[in-house]
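Worksheet: the structure to be examined is printed underneath.
What you see below is based on every heavy atom in this structure, not just the backbone, and it leaves out hydrogens, waters and symmetry mates. Here is how names work: the chains are called A, B, and so on, in the same order as the sequence lines, proteins then strands, and each is numbered from 1.
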Amino acid sequence: MSVVNLPEHPALEGLEAKWSARWRDQGVHRFRRPAGRDQVFAIDTPPPTVSGSLHVGHVFSYTHTDLVARYQRMRGKAVFYPMGWDDNGLPTERRVQAYYGVRCDPSLPFEPDFQPPDQPDPKRPLAISRANFIALCQQLTAIDERAFEDLFTQLGLSVDWDLLYQTISPEAITVAQRAFLRNLARGEAYLDFAPTLWDVTLQTAVAQAELEDRQTAGAFHRIAFHRPDGSPVLVETTRPELVVSACALIAHPDDPRYQDLFGATVASPLFKVEVPVLAHRAAEMDKGAGIAMCCTFGDLTDVIWWRELALPTRTVIDRSGRFQTETPDWLVDPAPYQALAGKTVFSARQTTVELLRATGELVAEPWAVSRPVKFYEKGDKPLEIVSTRQWYLSNGGRDPDLKAQLLARGRELKWVPAHMAHRFEDWVNGLNGDWLVSRQRFFGVPFPVWYRLDAAGQPDFDHPVVPAEADLPVDPMAQAAPGFEPGQRDRPGGFTADPDVMDTWATSSLTPHLATGWERDPELFELTFPMDLAPQAHDIIRTWLFSRVVRSHLENGCLPWRRAALSGFVVDPDRKKMSKSKGNVVVPTDVLERFGSDAVRWRAAMARPGADSPFDQAQMKVGRRLATKILNLSRFILGLPDNDPAQWSPTVVDQAVDRAMLARLRQVVTQATAAYEAFEYSDALETTEKFFWTFCDDYVELVKERAYGAQGDRAAASARAGLGLALDILLRLFAPTCPFVTEEVWSWWHDGSIHLSAWPQPDEAGPPDGDPGLLDQLSTVLTAVRGAKSQAKASMRAAVAQLELAGPEAVLEALQPVVADLKAVGHIVGPIRWTARPPDTTTGLMVAVVLAEA
RNA sequence: GGGCGCGUAGCUCAGUCGGUCAGAGCGCCUCCCUUACAAGGAGGAGGUCGGCGGUUCGAUCCCGUCCGCGCCCACCA
């Protein structure tokens, strides 16, 4: 006799708090190291950026991963499912600046007793030292991380919180620095002084992967250069202020209009600088005037021309985005520059236009144009191009062999859904430079590098000084270079630190290494690397996904995981991506509170891999209804008189309809399992749910009276066993989707967690000797009976005077054993008339219902 | 401009290796307090499967083309 502990009033409320606490206390989701790699399922969980709040999109995509994790756990795998916080980098810095009203000034000294201002003044941020700033970053991320953990716990993510990591932890810094030192030693990381996309507000370099184009209003200006004979050459530009930086005019080699000019020089407006007119295939005849003003640097095309045509460097815009105060030495007429010195790009443009207008070299009034301009995806001013010294990491952008290898890795990877592989392929093919990994910021992983200073105090960038791996992590700004004394810092003959930090993607590209204990825990690494699954949203294929492939390829010569799963976005009802700036973000805590985690997870599970889905509150109610139904159904089955789970054996099930139901369930188990194996969690849920509702509506109704004992003990036992077996299996099929309600119900008669129970096997439903088709015939009959009553606006308890069934003999025969059940559920008091038809005349079952007079 | 995905009931989406495939849920309408469930149940109405061609005995499903939508990439003279 099994003990059934049925609560008086089962409810969904409070299940999240109750069970997430118990799971944690009992270590239900803990990774226990098994003997072999094949018993592990390792997940490279995306570490969310800790700089604000999570939105519904996070809730959906993390749920998708959790569905797979829970399935694999029930399949008996030791699931390695860590969580990480991506808490270093610019997003955190910006949040700290806004939250506390501070800014980092590395020249200031550390203040041990520093307290942030009570009332932050966003307009006048308080300047604080680098160390104080970093302390505030850590303080705030700790607060945010607590909120994230609470939300994920409430959502029911089955991560092993003992495996939590942070990208700013000493361990993460060690991993990032170690990997970098190895890249450096192998020649994959290198310093280069080159034109760099630069955010003038944040004052840092930006990588290709972090660019975005924004349609921006501007104006074309037609301005005149001058031939030696004084006649004008007209160019059209949206950046007239860069006239001062003009290095050449460039037209297409085949352009008939400029053939006579190639090789000649022309004088620039205002400054009268002689610049050559050159031919280059990248010039487009039908763009603007067909002849371009090449400046250092207005855009990336300028960089190409500058490099390929060996043009001089005439940069005037400094790192803060202002025109340098010193007058450039290449100007023939330096006088006009006085009006530009020290100005921002924006006001220098206005001034230049005024100057050109005054000299008559602006030959037409500017006309408005909207064109795409490159921005840092997190910035709010157009990027400038300045020449700086930066660290680069090989990513195939300059090396065709490496590019080919990375493309091959992409093809080796299994993609869910498969078409996402194209995005990887396209991105890699489109790379045109190596990965710029240094950032001129503060809250990040410092480069473990110092430079010797010569007698004149100039750094030797060609021979960086690096620490031993055993000495990691290091902070070169705080620690002296190996072989030097602290007092030699920034002194001639001494050393200086590399002041930069790594791009946040440079550290997060190592999450597989960080999570699996690379060079820290060889046993763990052996068990979990390469990992099994890399889940992420489809927008970061070019960044996080690609960068991890690069790192793992370079360091380990393999993919970091076997499979990548891409989640879609949750979009607003207008199909627009949710974002804070659009004000269409839905706060997940409200939704979870209102509908319950199981309901929200159900909705997430209905979003297929890679597909965007619009947010719709009404859909949550459907999930809620499922959870409620599971609860009520369970209460009914377990509450049947004399129902003892110990008696739920297929051998007790001897009624045809019960066997038919189990036969259908057997198919469902097979299909759901196959779907999960293919990472198609939506299909698994849909299959299960379709069965579930028919089960509730038809089968349960049909056998209810019998289960109460209306047809004797033996028939009742068959019904109870059928119901019980189905419940036991269904709960487990639903467990990944609705972990809370299934666990609650499971606990009514089981000891251990459902999430550590075995995923159902088809054979649990007994031998495949039932006829699933019988259920369909029964549905037809039941629907007809209900329809008749509904049409007559009668109660479902209304009596049926006569039922006529017409159909193939085999069908009628199959229905014979179910007559008692049918009569009970349909309140059929009169006779049932059977009319046999030849099997080939009609395949369907015809039902005629005559209701008794009320 | 290139790539990818998508256009099926008012909404969100399944589906068809071409022939009972025109489906589900939500919404809507009507009805029902039936002892698991009114935070429920039953029934019903709704679509020439984006347009136009083609292949075929037959196309929502295959091919071509056009229109529309979304995402990614390129496009700053």
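Atom CG in A:Leu383 sits 12.0 Å away from atom NZ in A:Lys381 (nearest 0.5 Å). Note that the CG atom of A:Leu242 and the OG atom of A:Ser268 stand 12.5 Å from one another [nearest 0.5 Å]. With rounding to the nearest 0.5 Å, the separation of CZ in A:Phe691 from CG in A:Leu730 is 5.5 Å. For the atom pair CD1 (A:Ile385) and CG (A:Leu197), the distance works out to 5.0 Å, reported to the nearest 0.5 Å.
Pair assignment for B:C37 gives none, since no Watson-Crick or G-U wobble pairing has each distance under 3.5 Å. When Watson-Crick and G-U wobble pairs are counted only if both distances are under 3.5 Å, B:G27 pairs with no nucleotide at all. For B:C21, there is no paired base (Watson-Crick or G-U wobble, both distances below 3.5 Å). Pair assignment for B:A14: none, as no Watson-Crick or G-U wobble contacts are both less than 3.5 Å. Under the Watson-Crick and G-U wobble criteria, each requiring two contacts below 3.5 Å, nucleotide B:U60 is left unpaired. Under the Watson-Crick and G-U wobble criteria, each requiring two contacts below 3.5 Å, nucleotide B:A9 is left unpaired. A 3.5 Å limit on both hydrogen-bonding distances identifies B:G70 as the Watson-Crick or G-U partner of B:C4.
When heavy atoms are screened at a 4.0 angstrom cut-off, A:Phe375 is found touching no nucleic acid atom at all.
At a cut-off of 3.5 angstrom, the base of B:C75 holds at least one donor-acceptor pair with the side chain of A:Asp213. The base of B:C76 has none of its N or O atoms less than 3.5 Å from a complementary donor or acceptor on the side chain of A:Lys374.
Taking the centre of each ring, A:Phe569 and A:Phe60 stay at or above the 6.0 Å mark. Taking the six-membered ring for Trp, A:Tyr376 and A:Trp198 have ring centres at least 6.0 Å apart.
One C1' atom belongs to B:C13, the other to B:A74, and the distance between them is 33 Å to the nearest Å. B:G19 sits 14 Å from B:G58 when the P atoms are compared, rounded to a whole Å. Using C1' as the reference atom, B:A36 and B:G25 are 22 Å apart when rounded to the nearest Å. If you take atom P in B:A45 and the same atom in B:G23, they sit 12 Å apart, rounded to whole Å. Here, B:U48 and B:C6 have their P atoms 24 Å apart, quoted to the whole Å. For B:G64 and B:A59, the C1' atoms lie 15 Å apart once the distance is rounded to whole Å.
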Restricting both atoms to N or O, compile the protein contacts to nucleotides 14-16 of chain B shorter than 3.5 Å, with distance only.
| from | atom 1 | to | atom 2 | distance (Å) |
| --- | --- | --- | --- | --- |
| B:A14 | O2' | A:Glu686 | OE2 | 3.0 |

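More than 90° away from 0 lies the glycosidic angle of B:G44, which makes this nucleotide anti.
Looking only at atom types and distance, the side chain of A:Glu361 has a donor-acceptor partner in the side chain of A:His226 under 3.5 Å away.
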